[in-house]
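Working notes, structure below.
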2 protein chains.
Amino acid sequence: MASVFPIADLRRSNDPFAWMNSIIKGDCVSALEALPDHSVDVIFADPPYNLQLGGMLHRPDQSVVDAVDDEWDQFASFDAYDAFTRAWLLACRRVLKPNGTIWVIGSYHNIFRVGATLQDLNFWILNDIVWRKTNPMPNFKGRRFQNAHETMIWASRDSKAKSYTFNYDALKASNDDVQMRSDWLFPICSGGERLKGEDGKKIHPTQKPEALLARIILASSKAGDVILDPFFGSGTTGAVAKRLGRNFVGIEREQDYIDAASARIDAVEPLGKIELTVMTGKKAEPRVAFNTLLDSGLLKPGQVLSCDKRKHSAIVRADGTLVSGTEAGSIHRVGARVRGLDACNGWTFWHYEDQGKLKPIDDLRSIIRADMAKLS
Amino acid sequence: MASVFPIADLRRSNDPFAWMNSIIKGDCVSALEALPDHSVDVIFADPPYNLQLGGMLHRPDQSVVDAVDDEWDQFASFDAYDAFTRAWLLACRRVLKPNGTIWVIGSYHNIFRVGATLQDLNFWILNDIVWRKTNPMPNFKGRRFQNAHETMIWASRDSKAKSYTFNYDALKASNDDVQMRSDWLFPICSGGERLKGEDGKKIHPTQKPEALLARIILASSKAGDVILDPFFGSGTTGAVAKRLGRNFVGIEREQDYIDAASARIDAVEPLGKIELTVMTGKKAEPRVAFNTLLDSGLLKPGQVLSCDKRKHSAIVRADGTLVSGTEAGSIHRVGARVRGLDACNGWTFWHYEDQGKLKPIDDLRSIIRADMAKLS
DNA sequence: TGCACAATTGAATCGAGGA
DNA sequence: TTCCTCGATTCAATTGTGC
């Protein structure tokens with residue numbers, strides 16, 4: 001596991017998926033070009049931020065801030081950065097499956113250029129997500145607001161791709177039953193999670209926290225999916241993907257980062273099936289038609305259904321339709337007509353009486369579904 | 001006060017500052033061209049967002065969402081929007097003083113294009129600021145994350161402008177003596193503050209909250225400064241500027257908006273010198289969701305939780321849900337189901353084992369809250 | 001008058017699948 | 001390709017209504 005491929009070896013390989021769960025060593029765009037079309041489900045990209053630092057930054061105690069001044073973060077101009085962004089995004093686009101999605105993280109130095117380029121290349125932005133840091137670096141000079149967040153863009157391949165993976169129900173259930181918002185709160189990567197060399201210095205300047213990647217992967221992929229990270233760095237994406245039962249592929253140029261990431265991923269133990277099962281809603285459950293309730297005897301022909309206020313009522317007919325006054329048809333159609341609307345979810349609108357109490361017929365559907373689950 | 005000038009009248013005027021504390025009626029760029037060079041200290045701009053909506057959006061109860069579909073928000077293409085953005089930003093640049101700053105607010109639909117254009121025009125981004133909404137509109141279809149924030153960019157005229165106004169100490173003092181972060185929490189504009197017509201309908205579809213403008217103006221201007229808003233709308237910028245002892249000038253095309261803004265500003269009573277000190281407070285502590293315990297490592301996927309008598313137990317899954325037999329879902333739902341109840345507080349019902357003793361998971365939440373309190 | 005509950009609403013790029 | 005049917009889906013805050 002976590003083997004490393006120089007790009008040339010990959011091109012020579014007979015196995016078109018030799019790169020699965022490994023790190024490709026080399027330039028981002030060249031490596032992407034060695035991958036097959038439509039082969040990955042989710043891309044997470046943490047590209048160079050193009051920070052434009054003047055001189056050294058000192059803390060109030062005169063110590064020097066260890067800033068990101070690596071060679072790979074230097075670009076001559078916005079035009080050069082835009083050309084670079086365009087190139088790797090185009091290469092990503094080709095390897096992404098039609099219903100795949102891409103995440104890109106950045107700061108105000110680069111994220112506006114990345115977002116505009118995404119739109120220019122016809123990607124379709126689904127959300128921008130704010131990572132709020134619990135423990136950001138202070139602004140030492142007191143000349144600006146404390147830079148306490150980073151921005152992520154989540155986009156599908158184009159506006160017509162509607163079947164992308166989004167585990168809405170799992171996210172909602174994990175968030176005390178309210179839907180997940182676009183602002184997330186996490187600590188920056190530090191402590192034991194932060195990879196350090198023998199000298200005690202951090203191996204990578206911008207290592208992302210695993211909790212951030214875990215939410216991204218749990219939200220937008222399924223177990224067994226392939227997650228690509230074209231700027232692999234310290235390998236957080238690979239480590240979390242492996243732990244969560246996903247496949248990964250990383251691209252990285254620097255041997256030091258590759259060594260650290262490879263060892264890190266080898267040490268990861270994948271979670272079991274039970275821990276990985278994802279909460280789903282009714283959308284994913286087997287379809288139960290209304291007449292199933294009649295077939296099973298939970299409802300009987302001639303029985304009266306009503307809305308929760310007993311303002312409207314309807315009679316169940318033997319063929320699985322309802323009739324209410326002059327209106328007749330499916331539970332949905334009759335519900336819509338009596339309310340004077342175009343549409344209506346009959347499952348939640350219509351109620352039956354049980355021991356003097358009105359309960360939605362959706363409860364009866366749940367009983368059927370529970371029985372079906374036992375059988376399978 | 002709050003007089004209205006057609007652009008032609010302004011050009012004909014002998015007083016070069018006739019526009020002070022008034023609304024200029026007309027096209028944004030033409031009006032800006034009628035103003036003198038280097039005449040304003042701060043610009044706040046809330047340009048059209050270029051929303052690209054499909055059809056109508058219905059709530060679960062079938063009511064229709066009153067979307068922003070105004071003519072002024074329609075652009076033929078990204079290129080057309082970029083040209084528009086470039087034109088008004090260039091015009092703003094000329095009227096801005098050398099040490100003046102500009103704020104632009106937007107959503108993911110337009111903010112990346114605005115940010116890139118700002119950089120292309122040599123503006124120097126000082127911060128991007130996130131406005132987190134306490135009460136955003138939900139995502140009704142469950143296909144994305146709830147869109148719970150908007151983004152503002154704060155920029156100086158160029159990288160060499162170092163003497164811009166930033167009231168660092170006032171902000172820090174108003175924020176319990178810690179420096180102000182880049183993520184701000186405010187409710188959307190509603191209730192008595194929201195301007196409504198005689199029919200009870202909102203006058204402007206996107207009226208911004210006064211608290212937001214107050215923080216912006218208090219942070220980046222001095223009493224007596226001139227604040228320009230090239231997309232004046234309902235006049236929030238003018239109303240807050242007047243209240244805070246600043247001068248304003250607004251540009252607006254629509255007579256209905258001008259009428260409402262003018263009346264609104266006339267009703268504003270400026271604050272005295274003493275009140276103009278510290279006036280922002282902090283919001284109540286944020287909700288801690290169950291998955292925060294996983295993110296922080298206090299609980300791990302696969303871990304077993306039980307009720308206080310060990311009668312019921314459940315397994316923690318990686319997505320932040322529980323599973324117990326055939327029941328799965330949030331801590332609250334699974335708690336309710338295994339007890340046969342409609343509702344259950346999962347925080348006090350479920351326990352984890354610590355040195356042989358069962359403790360409610362609410363204890364772990366308290367730990368998180370204590371950590372958060374330390375940070376704020 | 002006060003409390004409880006119902007109704008309304010906000011910058012939204014908001015289905016899936018079969019005929 | 002479009003058209004049509006089935007049926008899934010909301011949070012916080014304010015305002016209005018009924019007891």
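Basis for what follows: all heavy atoms, side chains included, without hydrogens, waters or symmetry-related copies. These figures come from a predicted structure and were not determined experimentally. Sequence lines set the chain letters: A, B, ... in the order given, protein chains first and strands last, and positions in each chain run from 1.
- A distance below 6.0 Å separates the ring centres of B/Tyr257 and B/His204.
- With respect to A/Arg132 and A/Asp183, no salt bridge is recorded, no charged nitrogen being found less than 4.0 Å from a carboxylate O.
- Between B/Leu185 atom CG and D/dA13 atom C1' the separation is 14 Å, expressed in whole Å.
- Taking atom CE of residue A/Met180 and atom P of nucleotide C/dC14, one finds them 21 Å apart after rounding to whole Å.
- Using a 4.5 Å heavy-atom cutoff, the side chains of A/Ser156 and A/Asn99 are not in contact.
- None of B/Ile43, B/Thr117, B/Val114, B/Thr151 except one satisfies the side-chain contact (heavy atoms from CB on, under 4.5 Å) rule with B/Val104; the exception is B/Val114.
- Here D/dC11 is the nucleotide among D/dC11, C/dA11, C/dA12 with the atom lying nearest to any side-chain atom of A/Gln179.
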Quick one: which protein N/O atoms are closer than 3.5 Å to N/O atoms of nucleotides 3-5 of chain D? Pair and distance per line, please.
none

Yes or no on side-chain hydrogen bond (donor to acceptor under 3.5 Å, both in side chains) for B/His109 and B/Ser107, after CA distance, side-chain angles and deciding distance?
CA-CA 5 Å; B/His109 309 85; B/Ser107 66; 2.6 Å; yes

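- Side-chain atoms of B/Arg59 and base atoms of C/dG10 include a donor and an acceptor less than 3.5 Å apart.
- Comparing C/dA12, C/dA11, D/dC11 by their closest approach to the side chain of B/Pro138 singles out D/dC11.
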So if I define the base as every atom that isn't primed, P, OP1 or OP2, how would nucleotides 14-19 of chain D read as a B/S/- string at a heavy-atom cutoff under 4.0 Å?
SS----

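- For the pair B/Arg215 and B/Trp184, the distance from NZ or CZ to the six-membered ring centre is under 6.0 Å and the angle to the ring normal is within 45 degrees.
- Rounded to whole Å, the distance from CD on B/Glu193 to P on C/dT9 is 18 Å.
- Atom CG in B/Asp61 sits about 13 Å away from atom C1' in D/dA8, given to the nearest Å.
- Across all strands shown, D/dT10 forms no Watson-Crick or G-U wobble pair with both distances under 3.5 Å.
- Applying the Watson-Crick and G-U wobble criteria (two distances, each under 3.5 Å), D/dC3 pairs with C/dG18.
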Intermediate values then yes/no, salt bridge (charged side-chain N to carboxylate O under 4.0 Å, His left out), B/Lys133 and B/Glu150
CA-CA 8 Å; B/Lys133 304 180 183 183; B/Glu150 294 189 26; 2.8 Å; yes

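- A cation-pi contact links A/Arg93 to A/Phe123, judged by a cut-off of 6.0 Å to the six-membered ring centre and 45° from its axis.
- Residue B/His109 has its side chain nearest to C/dA12 when only C/dA16, C/dA12, D/dC11 are considered.
- Taking atom CG on A/Asn345 and atom C1' on D/dT9, their separation rounds to 9 Å, with Å as the unit.
- Both the sub-6.0 Å distance and the 45° axial angle are not jointly satisfied by B/Arg86 relative to the ring of B/Tyr81.
- Looking at heavy-atom distances under 4.0 Å, B/Gly55 makes contact with a base.
- Results of the side-chain contact (heavy atoms from CB on, under 4.5 Å) test with B/Ile105 over B/Leu212, B/Ile216, B/Asn110 single out B/Leu212 as the only residue that passes.
- In this structure, C/dA11 makes no Watson-Crick or G-U wobble pair, since no nucleotide meets both defining distances under 3.5 angstrom.
- The CZ atom of B/Phe186 sits 15 Å away from the P atom of D/dA13 (whole-angstrom rounding).
- Within the nucleic acid shown, B/Asn50 has no heavy atom closer than 4.0 Å to any nucleic acid atom.
- Put simply, A/Arg365 has a side-chain N or O that comes within less than 4.0 Å of OP1 or OP2 on D/dA8.
- Residues from residues 143-154 of chain B with heavy atoms under 4.0 angstrom of DNA chain C, sorted by number: B/Arg143, B/Arg144, B/Asn147, B/Glu150.
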With ring pair (Phe, Tyr, Trp, His ring centres under 6.0 Å) as the criterion, how do A/Trp154 and A/Tyr164 come out once you've worked through the C-alpha distance, each side chain's angles and the decisive distance to 0.1 Å?
CA-CA 11 Å; A/Trp154 181 42; A/Tyr164 55 87; 5.6 Å; yes

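- Nucleic acid contact for A/Trp124: base, since at least one base atom lies under 4.0 Å from a heavy atom of the residue.
- Proximity of a side-chain donor or acceptor of B/Thr292 to a complementary backbone N or O of B/Val288 within less than 3.5 Å is not detected.
- What separates CH2 of B/Trp72 from P of C/dA11 is a distance of 11 Å, to the nearest Å.
- Put simply, B/Lys133 has no side-chain N or O that comes within less than 4.0 Å of OP1 or OP2 on D/dA13.
- Nucleic acid contact class of B/Lys208 (heavy atoms, under 4.0 Å, all strands): base.
- Nucleotides C/dT1 and D/dC19 are separated by 12 Å at their C1' atoms, to the nearest Å.
- B/Pro47 comes within contact range of at least one nucleobase, with a heavy-atom separation under 4.0 Å.
- D/dA8 and C/dG18 are spaced 16 Å apart, taking the P atom of each and rounding to whole Å.
- A distance-only check finds no donor-acceptor pair linking the side chain of B/Asp229 to the backbone of B/Thr237 [under 3.5 Å].
- Here D/dG7 presents its P atom at 17 Å from CZ of A/Arg339, a figure rounded to the nearest Å.
- Checked by distance alone, B/Asp46 brings a side-chain donor or acceptor within 3.5 Å of a matching partner on the base of C/dA11.
- Contact check on A/Arg365 versus A/Asp362 returns a salt bridge, with a Lys/Arg side-chain nitrogen under 4.0 Å from an Asp/Glu carboxylate oxygen.
- Relative to the side chain of B/Gln62, the nucleotides C/dG10, D/dT9, C/dA12 differ in distance, and D/dT9 lies closest.
- Heavy atoms of A/Ile331 sit nowhere under 4.0 angstrom from any nucleic acid atom.
- Checking the phosphate oxygens (OP1, OP2) of D/dG7, a side-chain nitrogen or oxygen of A/His332 falls inside 4.0 Å.
- The residue among B/Val68 and B/Gly142 whose nearest nucleotide of DNA chain C is located toward the 5' end is B/Val68.
- Comparing A/Asp169 and A/Ser330 along DNA chain D, the residue whose closest nucleotide (by nearest heavy atom) sits nearer the 5' end is A/Ser330.
- Nucleotides C/dT9 and D/dT10 have their C1' atoms positioned 11 Å apart, rounded to a whole Å.
- Between the side chain of B/Lys141 and the base of C/dA16, no donor-acceptor pair under 3.5 Å is found.
- Between A/Phe166 and B/Phe145, the distance from one ring center to the other falls under 6.0 angstrom.
- OP1 or OP2 of D/dT10 has at least one side-chain nitrogen or oxygen of A/Tyr168 nearer than 4.0 Å.
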